[in-house]
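Order of the sequence lines fixes the chain letters, A, B, ..., with proteins taken first and strands second; residue numbering starts at 1 for each chain.
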Number of protein chains: 2
Amino acid sequence: MSDHEDAVDFDLRGFLPYLLNIAAEESSASFQQYYKGRYGMLRTEWRVLFHLGRYGAMTAKEICDRARMHKTKVSRAVAALQAKRFLTRSQREDDRRHETLALTSQGRQAYADLAAQGQQFDRALMADFSEEEARFLRQALERIAKF
Amino acid sequence: MSDHEDAVDFDLRGFLPYLLNIAAEESSASFQQYYKGRYGMLRTEWRVLFHLGRYGAMTAKEICDRARMHKTKVSRAVAALQAKRFLTRSQREDDRRHETLALTSQGRQAYADLAAQGQQFDRALMADFSEEEARFLRQALERIAKF
DNA sequence: CGTTGTTAGTTACAAAACCAACTAATATGT
DNA sequence: ACATATTAGTTGGTTTTGTAACTAACAACG
């Protein structure tokens with residue numbers, strides 16, 4: 001046995017963070033191409049759009065918490081989406097530190113398109129798995145993600 | 001039902017690329033802190049070190065293919081690891097475009113440490129899962145990653 | 001009140017990633 | 001043999017991210 005093999009006796013190829021990273025990259029590649037190509041959006045922007053589209057108007061802070069994004073990322077993504085006329089900001093009267101973010105009809109259209117498209121990609125990804133396997137996989141990932 | 005909910009009828013929260021991304025981030029966070037704190041290494045550097053440690057000496061090109069990293073990333077990671085005296089380069093006589101990369105004893109030491117540490121993190125991550133679930137999870141991820 | 005602390009969000013600067021152009025060595029086709 | 005194409009790897013310039021410092025609004029406590 002050569003030197004490099006007995007340094008550690010288990011197969012680090014199955015190292016979970018590594019596998020997850022590769023799987024994450026592989027699985028988002030084609031979808032990313034779609035939203036980037038069609039709307040010139042970054043992943044951060046898609047995530048913000050996605051949260052507003054899926055859960056309705058909310059503040060940047062709420063997006064930070066729900067989407068696990070740092071506030072600077074959200075801040076920039078919001079600015080970019082606003083420039084694309086996909087969302088509007090409105091200051092809250094009760095606390096002027098908060099801005100409520102809401103999709104414009106253009107933004108909702110983009111969301112509807114991307115959500116439908118995403119659904120397709122998701123189905124394609126899961127095509128190899130049975131219903132039950134898919135359910136388990138999602139639950140396992142949620143557990144690892146600490147949802 | 002409000003406008004944003006009927007745009008798409010399934011729960012995009014379970015969107016696989018999204019789940020995978022979050023799980024990947026969550027799972028690598030503490031390990032990343034370890035190798036960054038202890039060796040000042042970036043993820044790209046850890047990946048290169050990992051491949052050389054696990055599979056033995058090889059060229060940058062082989063690392064690109066095996067680790068799915070772009071050649072510029074590998075090139076810079078190799079330069080950084082060389083600066084840290086973790087690897088050496090040697091031109092091949094038969095084709096002087098190729099450089100064989102090999103870990104130094106210092107590099108092997110770092111690898112052994114990180115591999116052992118990684119193993120711990122991995123076990124901790126998998127603590128919630130049964131043997132069989134863990135096996136299935138890895139296989140599923142490998143399938144998605146197209147290994 | 002008024003000082004101090006906290007929270008939402010932005011901005012500035014540094015680190016890292018991405019992409020395209022580049023060099024150098026080898027392979028291929030005429 | 002020589003022009004052209006490919007391959008391994010590096011470098012430069014731009015984009016994106018990360019980090020820390022900042023502003024503005026509110027809260028809490030004396």
Output one letter per nucleotide in nucleotides 14-23 of chain C: B when a protein non-hydrogen atom lies under 4.0 Å from the base, S when only the sugar-phosphate is that close, - when neither is. --S-BBB---
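- Here the side chains of Leu49(B) and Tyr39(B) are not in contact, with every heavy-atom distance at 4.5 Å or above.
- Side-chain contact between Tyr34(B) and Leu114(B) is present, with heavy atoms from C-beta onward closer than 4.5 Å.
- Residue Gln32(A) contributes atom CD, which lies 17 Å from atom P of dT15(D) at whole-angstrom precision.
- Side-chain nitrogen and oxygen atoms of Ser75(B) include at least one within less than 4.0 Å of the OP1 or OP2 phosphate oxygen of dT10(D).
- Residues Glu26(B) and Phe147(A) form no side-chain contact, since every pair of their non-hydrogen atoms from C-beta on lies 4.5 Å or further apart.
- Rounded to an integer number of Å, the gap from Glu93(B) CD to dA8(D) P is 18 Å.
- Following rounding to the nearest Å, Leu81(A) (CG) and dT10(C) (P) show an atom-to-atom distance of 12 Å.
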Please test Arg66(A) against Met58(A) for side chain to side chain contact (heavy atoms under 4.5 Å, CB included), starting from the C-alpha separation and ending with a verdict. CA-CA 11 Å; Arg66(A) 302 187 76 134; Met58(A) 63 180 91; 3.9 Å; yes
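- Taking the ring centroids of Phe15(A) and Phe50(B), they lie at or beyond the 6.0 Å cut-off.
- Separating the CD atom of Gln33(B) from the P atom of dG18(D) is a distance of 14 Å, rounded to the nearest angstrom.
- The interatomic distance linking Glu99(B) (CD) with dT10(D) (P) rounds to 6 Å, in whole Å.
- Between the CZ atom of Arg89(B) and the C1' atom of dG9(D) there is a distance of 9 Å, given to the nearest Å.
- The two residues Leu101(B) and Leu52(B) have their closest heavy-atom pair at O-CD2, 3.5 Å.
- Put simply, CD on Gln91(B) is 13 Å from P on dA24(C), counting in whole angstrom units.
- If you chain together hydrophobic residues whose side chains sit under 4.5 Å apart, Leu87(B) and Leu42(B) never meet in one group.
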Please list each protein N or O that sits under 3.5 Å from an N or O in nucleotides 3-7 of chain D, with the distance.
| unit_1 | atom_1 | unit_2 | atom_2 | d |
| --- | --- | --- | --- | --- |
| dT7(D) | O2 | Arg97(B) | NH1 | 3.0 |

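- A heavy-atom distance below 4.5 Å is found between the side chains of Val48(A) and Met69(A).
- Computed from coordinates, the Asp94(A) CG to dA27(D) P distance equals 9 Å when rounded to whole Å.
- Tested against Glu99(B) for a side chain to side chain contact (heavy atoms under 4.5 Å, CB included), the candidates Arg92(B), Lys61(B), Arg89(B) yield a single pass: Arg89(B).
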